[in-house]
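Residue numbers start from 1 in every chain, and the chains themselves are labelled A, B, ... in the order their sequence lines are given, proteins ahead of strands.
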Protein chains: 2
Amino acid sequence: MLQTVRKAASVLRLFTPQQPEWGVSEVAATLDIPKSGAHALLRTLAAEGLLQRTGTGRYRLGWTLFELSQTLLDSSSLLRAARPIMERLVAGWGETTHLAVLVDGQVLYVEKLQGDRALEIVLSGVGKRLPAHCSGVGKVLLAHQPWENVLRIVETNGLVSFTPNTITTVEQLRQELERVRQQGFAYDQEEVMVGLCCAAAPIRDESGQVIAAMSLSVPAYRFYPNQQRLTTAIVDAARRVSEELGYYQEDWVWGSSRQSKSRSSGLATSVRT
Amino acid sequence: MLQTVRKAASVLRLFTPQQPEWGVSEVAATLDIPKSGAHALLRTLAAEGLLQRTGTGRYRLGWTLFELSQTLLDSSSLLRAARPIMERLVAGWGETTHLAVLVDGQVLYVEKLQGDRALEIVLSGVGKRLPAHCSGVGKVLLAHQPWENVLRIVETNGLVSFTPNTITTVEQLRQELERVRQQGFAYDQEEVMVGLCCAAAPIRDESGQVIAAMSLSVPAYRFYPNQQRLTTAIVDAARRVSEELGYYQEDWVWGSSRQSKSRSSGLATSVRT
DNA sequence: CGAGGTGTTTCGGATAACCGAACACAAGAG
DNA sequence: CTCTTGTGTTCGGTTATCCGAAACACCTCG
């Protein structure tokens, strides 16, 4: 369906911080399309402001994308609601918090605040992606997806192993996601980087859908002694963001407001004090 | 050329802070295309992550745009180079500075820092657009465009009048742009809002091309007494950003480095003093 | 219950996008 | 200086793709 648009999107996705500039031939070779086609794509994308031409006939991303992104941020209250709460979290713990969404089966980091006694986490970064099967936010986000989606994602991306603790089998993942969904939060126990743990919790919009996840990352040696307090802290923070977005945790909401197929994910209790 | 891509871009442009959510029928009616076409466009854009579906079958902008925007900001050193200099400017003057680029014939504000004794400028805002023929940054950016481009822009957007001082005729504009280009900076003397003035200067990349403009906005009653100092301040700040981007001002560059073939701009040596 | 509004699907026909090859141009090596 | 090799760009004929109207399924509301 609309393969031309699909190709155009593929072209956009080529542009990365590592290679922010592309020429016609490079694009044609990389996407395995004739040069004339690549030319047409680049030219129209540039005419629409999604790309811009440099003097030498090469292309880079255009400022229209910045504009659209601002519109997105402006219309989505997620970041606006989460930031102050994340700041308080960082101030209180001195650790690092992440805010992430699921895009195309991967975790996209939307915000990252670093505490003063936190260790540098190089892997994550605003605007960066990581696989979802590791990391706390990733597991939270996957846990609230229909299982068939998760399967499709896993089949596409595989279960890449980062540390000995990384989940590498579908069965492990299924069990873990089930637990995460039921308990309402996830841990990352050195699954993406040795020595790094985190606790993560889901953020819901007014319809109850999980649209993002928040996490508090701490070094392993500080994680286990404070696991309980960490958990309640991140769960509470995420709940506050959800409430800011118009979601109010009511028992009966859970049973009724499910869309279409997913009768699952139903019984997720919650002892709101 | 690639009208499908063009339509897809039009769809993306529909999404604004004022109306961040669109349905199939609305899109079809607004763009005057059949419903099935709009459906296909929205569906594929959503599949590519440029849009996302809400539960009710409506669409909003997708997080991929955020990702692309971050890639853009990361790969373009403009914002990174300009921000500290803008901060110093704001700290010194207490006024408001803007950083803007030209996109599709309009001024797109990329950054805005407000000083403590500055007045609130509602019109401008990060990610917002304004016409280019008013405002200092707009005139700077237009002044360094080929005149034919300027004409096309004016024919498309018109010369909307905001105040009695707004430029409203092509001849006025031509003269003003000529002056701006020669003197290397522009003033906005209450042309967009009564009581608001600004001085603006161009920012160049390493090839000498003007890629952005910076401005210092002040209330009219503080503008005229300090006009000279303001001018040197903004010109100097913009020059520093340009140098940060790899541009070194040489006298003879000015005469030769006009666009089109640009056989020039090559020998941009540079004995940094 | 029915009317009006959604989003979604279908399918033949016309259109728009593909493709290969040829062109112009730049840079670099011999 | 020339030839080579790489660019980006242009041009039509062929073909598959996308357009478009209408019919469908669904929901909300009167």
- Is there side-chain contact between B/Val110 and B/Val126, with at least one heavy-atom pair below 4.5 Å?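 Counting from C-beta outward, B/Val110 and B/Val126 never come under 4.5 Å.
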- Could you check if a side-chain atom of A/Met214 sits within less than 4.5 angstrom of a side-chain atom of A/Ile203, using non-hydrogen atoms only?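 Result yes, sub-4.5 Å side-chain heavy-atom pair found.
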- Query: Tell me the ring pair (Phe, Tyr, Trp, His ring centres under 6.0 Å) pairs involving residues 47-66 of chain A, sequence neighbours left out?
  - Reply: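 Sorted pair list: A/Trp63-A/Phe66.
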- If a pair satisfies salt bridge (Lys or Arg N to Asp or Glu O under 4.0 Å) and one of its residues is in residues 18-28 of chain A, list it, with sequence neighbours excluded.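 Listed once each, the pairs are A/Glu21-A/Arg58, A/Glu21-A/Arg60, A/Glu26-A/Arg58.
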- In residues 7-33 of chain A, which residues come under 4.0 Å of DNA chain C by heavy atom?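 The answer is A/Lys7.
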[X]: partners by salt bridge (charged side-chain N to carboxylate O under 4.0 Å, His left out), with sequence neighbours left out:
| X | answer |
| --- | --- |
| B/Arg13 | A/Glu48 |
| A/Arg43 | none |
| A/Arg174 | A/Glu171 |
| A/Glu244 | none |

- Pairing residues for A/Asp205 by the side chain to side chain contact (heavy atoms under 4.5 Å, CB included) criterion, not counting sequence neighbours: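 Testing A/Asp205 for side chain to side chain contact (heavy atoms under 4.5 Å, CB included), a comparison that skips the adjacent residues, returns A/Ser207, A/Gln209, A/Ile211.
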- B/Thr64: partners by side chain to side chain contact (heavy atoms under 4.5 Å, CB included), with sequence neighbours left out: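 Side chain to side chain contact (heavy atoms under 4.5 Å, CB included) list for B/Thr64, sorted by chain: A/Val103, A/Arg129, B/Leu50, B/Glu67, B/Leu68.
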- Item | Contacting residues from residues 34-51 of chain A, given that a heavy atom lies under 4.0 angstrom of DNA chain D |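 Per residue number, the list reads A/Lys35, A/Ser36, A/His39, A/Arg43.
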- If an axis is fit to five pairs at each end of the helix from C/dG7-D/dC24 to C/dG30-D/dC1, what is the angle between the two, to the nearest 10°?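 Taking five pairs per end, the axes differ by 50°.
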- Task: Salt-bridge test for B/Glu178 and B/Arg181: reply yes if a basic N is under 4.0 Å from a carboxylate O, no otherwise.
- Result: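 Between B/Arg181 and B/Glu178 there is a salt bridge, with a charged N closer than 4.0 Å to a carboxylate O.
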- Task: Inspect the contact between A/Arg152 and A/Glu155 and indicate whether a charged nitrogen and a carboxylate oxygen are less than 4.0 angstrom apart.
- Result: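 Looking at A/Glu155 and A/Arg152, the cut-off is not met.
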- Check every strand shown and say whether B/Arg6 touches a base, only sugar-phosphate, or nothing at a heavy-atom separation below 4.0 Å.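 Nothing: the residue B/Arg6, judged by heavy atoms under 4.0 Å, touches no strand.
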- Task: Under the salt bridge (Lys or Arg N to Asp or Glu O under 4.0 Å) rule, what do B/Arg240 and B/Glu243 come out as? Steps first, then yes or no, please.
- Result: CA-CA 5 Å; B/Arg240 270 211 298 270; B/Glu243 286 179 2; over 6 Å; no
- Message: Quick check on DNA chain D: between A/Gln3 and A/Arg58, whose nearest nucleotide comes earlier from the 5' end?
- Response: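 With A/Gln3 and A/Arg58 compared, the 5'-side residue is A/Arg58.
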- Query: Given C/dT6, is OP1 or OP2 found less than 4.0 Å from the side-chain N or O atoms of B/Thr56?
  - Reply: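 No, because none of the side-chain N or O atoms of B/Thr56 sits under 4.0 Å from OP1 or OP2 of C/dT6.
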- Specify the separation, in whole Å, of atom CG of B/Leu2 and atom C1' of C/dT15.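 It works out to 14 Å between those atoms.
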- Item | DNA chain D: 5'-most and 3'-most nucleotides touching chain A, 4.0 angstrom heavy-atom criterion |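 The protein-touched segment is D/dT7 to D/dC18.
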